[in-house]
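Whatever order the structure lists ligands and atoms in, that order sets their numbers, starting from 1.
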Amino acid sequence: MDKLMINRAGPLKGEIRISGSKNSALPILAATLLADSPIHISNLPHLNDITTMLALLRCMGVGVTVDERMSVEIDANAINDFTAPYELVKTMRASILVLGPMLARHGVANVSFPGGCAIGSRPVDIHLRGLEAMGASIEVDEGYIRARSDGRLKGAHILMDTVTVGGTENLLMAAVLAEGRTILENAAREPEVVDLANCLVAMGAQIEGIGTATLVINGVERLSGCHYNIMPDRIETGTYLVAAAATRGSIRIKDTREDILEGVLLKLEEAGAHIETGLDWISLDMKGNRPRAVSLKTAPYPAFPTDMQAQFTAMNAVAEGSSSVTETIFENRLIQVHELNRMGANISLQGNTALITGVETLKGAPVMATDLRASASLVIAGLVADGTTLVDRIYHIDRGYECIEEKLQMLGANIRRVPN
Ligand code: EPZ
């Protein structure tokens, strides 16, 4: 397995472009199963998770044509197998997102039960209960979710007990072809949910309340193909901004949007960053200053995103002052703290809160990535550590960051991929 070797190289400076959003592309690729004519999706990020989702569609018989710019044309009419197999689902939990569309379009779906992962147990009870409320019969048998509906799903009034991005997406995709009206209460409002809803509307779906916590869907008989461009990745954007802040740098990020990560930008300004934004760009300048520590608490959008927590923990580890970082979404998403402490950070854990006292600099060390965003926090730590940092198990990072070492090299980082 490859590793990333990182040595301190001073403040990040320069300009990079952001890729399409992984967490928007995955549900939208699942949504192509709903269309009865070919659908064209562009601005897909070149990531392992996207490759896995395309492989999943292909293994179900769906026609997938990929061009050189990672745009795809998908013809779901060719589907001939309604099973999402264990071998693929175990590598990517988001495979569960094919459940709703397959059930809505074909009345049958067999999806391997997604297990937990390093950050938490990741249940799907809200997905399943919502589909049952829409008339599906669901059994879990030999590790598979076996869902059936006798005829079309029926619209229902559903209250989701917990704000769930995937649950909202699965039920939204089930509702668009259901008979009658579905109301999803306490729906997730993440920009990626909005992007999915906008794509479904482009396919002919009738959805009201997009971007709010109450989605009202009037089911239609059929959905057609369309051309859809995936939104920029707000977490990739935030990750590079935090890396620039931690290294006291000055960067400009293009092909992104400033209206989808306002909470992150406000926290960076609190840390002393000078931020400027335009329609499709964001610039950050630390004026050479050490970041100030910022406390935060993760919560559903528009609050501070859990997917940015690990990156800010790394920045706080070298910031001026003390801070607290509280993770409220996942039960085990502070695991990167242990590896950061091995690099000389001063972080203690109290339940779901990390108490951080910033140190001037960290010490390079061999460290191990445990999940996607924890990997990013270790890379950020390596950029501000004396000596060499070697990040192992970087297959995690390749799931969510396109060409991370090339993009960081363009910003002046001393980072390269080395074979084991
Ligand atoms: C999505 O995961 C993202 N993944 C995650 O990003 C992100 O961290 C998460 O939303 C929260 O924003 C994709 O979009 C592919 P949830 P998802 O359902 O949908 C509980 C990354 O790093 N819950 O919103 O799986 C659950 O336990 C990844 O890019 C239930 O209890 O997250 C958690 O506590 C990591 N029952 C909370 O809801 C359910 O049926 C939020 O989870 C479903 C969820």
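Only the side chain of Thr162 comes within 4.0 Å of ligand 1, counting heavy atoms alone; its backbone N, CA, C and O stay farther away. Counting heavy atoms closer than 4.0 Å to ligand 1, residue Arg333 contributes side-chain atoms (C-beta onward) but none from N, CA, C or O. Of the heavy atoms in Arg373, only side-chain atoms (C-beta onward) come closer than 4.0 Å to ligand 1. Contacts with ligand 1 closer than 4.0 Å are made by no heavy atom of Tyr301, backbone or side chain. At a heavy-atom distance under 4.0 Å, only backbone atoms of Val163 (N, CA, C or O) approach ligand 1. Residue Glu169 does not touch ligand 1, judged by heavy-atom distances below 4.0 Å.
Every atom of ligand 1 is numbered from 1 in the order shown, and the set under 4.0 Å from a heavy atom of Thr306 is 8 (O), 11 (C), 12 (O). Per-residue contacts place Arg93 under 4.0 angstrom from the following atoms of ligand 1 (heavy atoms of the residue considered): 25 (O). Within ligand 1, the atoms closer than 4.0 Å to a non-hydrogen atom of Lys22 are 21 (C), 29 (O), numbered from 1 in the order shown. Atoms of ligand 1 found under 4.0 Å from any heavy atom of Gly166, numbered from 1 in the order shown, are 18 (O), 19 (O). Close approach of ligand 1 to Arg122 (heavy-atom distance below 4.0 Å) involves ligand atoms 2 (O), 17 (P), 25 (O). Near Val124, the atoms of ligand 1 lying under 4.0 angstrom from a non-hydrogen atom of the residue are 39 (C), 40 (O).
Considering every non-hydrogen atom in both Arg257 and Ile282, the closest pair reads O-CD1, 3.8 Å. The shortest heavy-atom contact between Leu12 and Thr247 is N-OG1, 3.1 Å.
Looking at Gln311 and Thr239, their side chains do bring a donor and an acceptor atom within 3.5 Å of each other. Between the side chains of Ser42 and Ser71, no donor N or O sits under 3.5 Å from an acceptor N or O. A side-chain donor from one of Arg373 and Tyr401 sits under 3.5 Å from a side-chain acceptor of the other.
Heavy atoms of Glu192 come nearer than 4.0 angstrom to ligand 1 in no pair at all. Under the 4.0 angstrom criterion for non-hydrogen atoms, Pro123 is in contact with ligand 1.
Ranking protein heavy atoms by distance to atom 15 (C) of ligand 1, first place goes to Asn23 OD1, 3.4 Å. The nearest heavy-atom contact from the protein to atom 6 (O) of ligand 1 is Asp307 OD2, 3.1 Å. Nearest to atom 18 (O) of ligand 1 among the protein's heavy atoms is Thr164 OG1, 2.7 Å. Closest protein heavy atom to atom 1 (C) of ligand 1: Val165 CB, 4.0 Å. With hydrogens left out, the protein atom closest to atom 32 (O) of ligand 1 is Phe330 CZ, 3.9 Å, a heavy atom. Closest protein heavy atom to atom 36 (N) of ligand 1: Asp125 OD1, 2.8 Å. Among protein heavy atoms, atom 40 (O) of ligand 1 sits closest to Ile126 N, 2.8 Å. Nearest protein neighbour of atom 33 (C) of ligand 1, counting heavy atoms only, is Ile329 O, 3.5 Å.
Of the candidates Thr52, Thr51, Asp49, Asp49 is the only one forming a side chain to side chain donor-acceptor pair (under 3.5 Å) with Arg399. Partner of Glu327 under the side chain to side chain donor-acceptor pair (under 3.5 Å) criterion, out of Gln309, Lys297, Arg333: Gln309 alone.
Salt-bridge check for Glu405 with Arg417: passed, with a basic side-chain N closer than 4.0 Å to an acidic carboxylate O. Of the charged side-chain nitrogens involved, none lies within less than 4.0 Å of a carboxylate oxygen, so that Lys22 and Glu192 do not count as a salt-bridged pair. The existence of a salt bridge linking Arg148 and Glu139 is excluded, since no basic side-chain nitrogen approaches an acidic carboxylate oxygen closer than 4.0 Å. For the pair Arg129 and Asp161, the salt-bridge criterion is met [side-chain N within less than 4.0 Å of a carboxylate O]. Between Glu270 and Arg292 there is no salt bridge, since no side-chain nitrogen of the basic residue lies less than 4.0 Å from a carboxylate oxygen of the acidic one.
One finds the OG1 atom of Thr237 at 4.0 Å from the CD1 atom of Ile18 (value rounded to the nearest 0.5 Å).
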